[in-house]
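Worksheet for the structure shown next.
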Amino acid sequence: MREELRPPNNFIEEAMVQDLQSGKHASIVTRFPPEPNGYLHIGHAKALLADFLSAAKYGGRCNLRFDDTNPSKEETEYVDNIMEDIRWLGCDWGEHLYFASDYFEKLYGFAESLIKRGKAFVCELTPEQMHEYRGTLTEPGKRSPWRDRPMEESLTQFRAMRAGKYREGERTLRARIDIASPNMNMRDPVIYRIMHVSHHRTGDKWCIYPMYDFQHPLSDAIEGVTHSMCSLEYEDHRPLYDWFLEALDWKNPPHQYEFARLNLNGTIMSKRYLRRLVEEGYVSGWDDPRMPTLCGMRRRGYTREALRNFCEGIGLAKSNSTVDTALLEHHLRESLKASTMRRMAVLDPIELCITNYPEGKTETVEIVNNAENPDLGTRNMDFSGSVYIERADFAIVPPPKYKRLIVDREARLMGAYIVKCTGYETDENGEVTRILCTYDPDSASGKSGRKVKGVLHWVDKETAMDAQIRQYEPLILEDAEGDFIARLNPHSLTIMKNAKVEKALSMATAGDSFQFIRQGYYCMDKDSADERLVFNCSVGLKDTWAKIQRSK
RNA sequence: UGGGGUGUAGCCAAGUGGUAAGGCACGGGACUUUGACUCCCGCAUUCGUAGGUUCAAAUCCUGCCACCCCAGCCA
């Protein structure tokens, strides 16, 4: 008896369900096929999670296959990092790790068989001629003079290509399809080219390499892939994908499905630009916290859960779209709030002096690490008559609906006492230098029923640590003409250098990265993604946030 | 001007002839040891547009408009 299949979440899963129910496929096989020429970014996460999760959902498997057919761009360094990032996202390819380069011999065989069937020929057109012969979007192409040469001749020449008898560009193997097709991809596309380049895995064994359009459908077929997902720009390639499988009489061939890439507001996803940022030294590396790479986001404090839920939330569809980063941040907050310890940090400190607090007295107050999660326990903080609070938490002339400290009003120091402002001191410029208060000794946290509207985060003046936090500026990207392209992570941190943090947060030192999310939700990450803390501060308040936006 | 796609709210997105899900954002309120969190409430008389078919159309038909992709021996 067939198990009940879980309802599909998108049109591709719908196709999977149909294929399973109709018996077309006994089980689902997908694949994630990165080219090892860069690091994975959040756009890849969308694709890879779709590949791995939908296969898992329907009891199938997902292969990891590196599409390494262009040795001039690919390196082993990337292979290792890509695998690490996929694992970090919680995806597992089990034994099914493959390389397109593993299939070079088979693919070569397929190419010969295409020649023997009269469906491919060796062409001697130069790159310039080939371009000219291909025609344009509105005019059909011209047939290559080599198109109808005898099959034996093509075979001999193709073997000579493999044997290294020609220089790069002197010969190509092309599929014999339709040079006049309105679909440019069908105009006798090149399927093998000569490259006297050493490959990161096969070394110098080969000097001819298959093209993507030829390799991809066949690699899928070799692996038994049933549902091959890719991005929208390959829609025009699908006829070609099908053509190769048809030409080789492949039974029950895989099918290609296309969906829209992820675009994120204010973020660039183009590998070309990301590479430039790294290579030209605008950022410290692929894992710079401002980068939208998976390793960069990990360093900034993103959780895999946030990324997975985000990708699930945006869905899979065919319309080009740009997702608001607010949605990403929502999922990060959601993922962090129940699982993370809170700490207090004062980013723009001003001293608050409690004038009726006994001289020289210190005490310890117990503060919960996360009010929503008792399992996270409590911590003790030093408290004395002098603390730092946020400059923005005190106002001489309060804006409408201001709930925090003003003269003659009470507010609670979080986890400690209720204080009442009695006055303030200023310097010669009129800048507030110290806030004076009295406290109510009977208002200790949890011991009094009194409620006040304002609650402030604070750190003890004597025991607070200085935070040496690197300050990042948003990175503005321009193209060669100086035109604005994008701001890289405009939402990531901008933290004041003279911040004060409580002792428990002293692990925040130079090089740590922070992510601005909203009041109460900064997250940080000290290399290990497990050392994640959230700290309370007020920079997320609307007025302050507006100020940050304006000044940048 | 050839071919392939896509248009549902500020942003994603369901919807497959029976009277517009959900999330984010936003607005209002309650609660609150931060204004966060939580909880309520509100948020498309209309689906790019103009016609047509039908008792009934976001869904079917026709025309038009807008945007994206394709002329690598890249993937």
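Chain letters run A, B, ... following the sequence lines, proteins first, then strands; residues in each count from 1.
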(request) With RNA chain B as reference, determine whether P33(A) or L316(A) sits nearer its 5' end, using the nearest nucleotide of each. (result) L316(A)

(request) Salt-bridge test for R276(A) and E279(A): reply yes if a basic N is under 4.0 Å from a carboxylate O, no otherwise. (result) no

(message) Angle between ring planes, F383(A) versus Y417(A), binned at 30° and 60°: parallel, tilted or perpendicular?
(response) tilted

Can you pull every protein N or O that's under 3.5 Å from an N or O on nucleotides 70-73 of chain B?
unit_1	atom_1	unit_2	atom_2	d
G72(B)	OP2	H131(A)	ND1	3.1
C73(B)	OP1	R134(A)	NH2	2.9
C73(B)	OP2	R134(A)	NH2	2.9
C73(B)	N4	L125(A)	O	2.9
C73(B)	N4	P127(A)	N	3.3
C73(B)	N4	G169(A)	O	2.9

(request) Mind telling me whether W206(A) and Y108(A) have parallel, tilted or perpendicular rings, with 30° and 60° as the class edges? (result) tilted

(message) Below the 4.0 Å mark, does A75(B) have OP1 or OP2 next to a side-chain nitrogen or oxygen of T69(A)?
(response) yes

(request) Would you mind telling me which of U16(B), G5(B), A75(B) lies closest to the side-chain atoms of L232(A)? (result) G5(B)

(request) Scan G315(A) against the nucleic acid and name what it touches under 4.0 Å (heavy atoms): base, sugar-phosphate only, or nothing. (result) nothing

(message) Strictly below 4.0 Å: does S319(A) bring a side-chain N or O up to OP1 or OP2 of C12(B)?
(response) no

(message) Of the options C74(B), G35(B), G5(B), whose atoms approach the side-chain atoms of K403(A) most closely?
(response) G35(B)

(message) Checking one value: the base orientation of G72(B), syn if chi is within 90 degrees of 0, otherwise anti.
(response) syn

(message) Would you say R333(A) places a side-chain N or O within less than 4.0 Å of OP1 or OP2 belonging to U38(B)?
(response) no

(request) Would you tell me whether T322(A) and N265(A) have side-chain atoms, one donor and one acceptor, within less than 3.5 Å of each other? (result) no

(message) With a 4.0 Å cutoff (strictly under), does any side-chain N or O of K453(A) reach OP1 or OP2 of G35(B)?
(response) no

(message) Can you tell me which nucleotide in C24(B), U34(B), C12(B) comes closest to the side chain of L327(A)?
(response) C24(B)

(request) Check every atom of G23(B), C74(B), G5(B) against the side chain of E235(A) and return the nucleotide holding the closest atom. (result) G5(B)

(request) For S443(A) and for A317(A), find the nucleotide of RNA chain B with the closest heavy atom, then tell me which residue's nucleotide is more 5'. (result) A317(A)

(request) Just call it for S181(A): base, sugar-phosphate, or nothing, with non-hydrogen atoms closer than 4.0 Å on any strand. (result) nothing

(message) Whether the E223(A) and N63(A) side chains hold a donor-acceptor pair (N or O, under 3.5 Å, no angle test) is what I'd like checked.
(response) yes

(request) Classify the ring geometry between Y98(A) and Y103(A) as parallel (under 30°), tilted (30 to 60°) or perpendicular (over 60°). (result) tilted

(request) Name the closest nucleotide to the R404(A) side chain, picking from C68(B), G35(B), A75(B). (result) G35(B)

(request) Side-chain contact test, heavy atoms from C-beta onward, threshold under 4.5 Å: evaluate it for M211(A) versus R193(A) and give yes or no. (result) yes

(request) Would you mind telling me which of A75(B), G23(B), U38(B) lies closest to the side-chain atoms of K337(A)? (result) U38(B)

(message) Over all strands shown, is Q129(A) touching base, sugar-phosphate only, or nothing at heavy-atom distances under 4.0 angstrom?
(response) nothing

(request) Give K451(A) one of three labels, base, sugar-phosphate or nothing, depending on what nucleic acid heavy atoms sit under 4.0 Å from its own. (result) sugar-phosphate

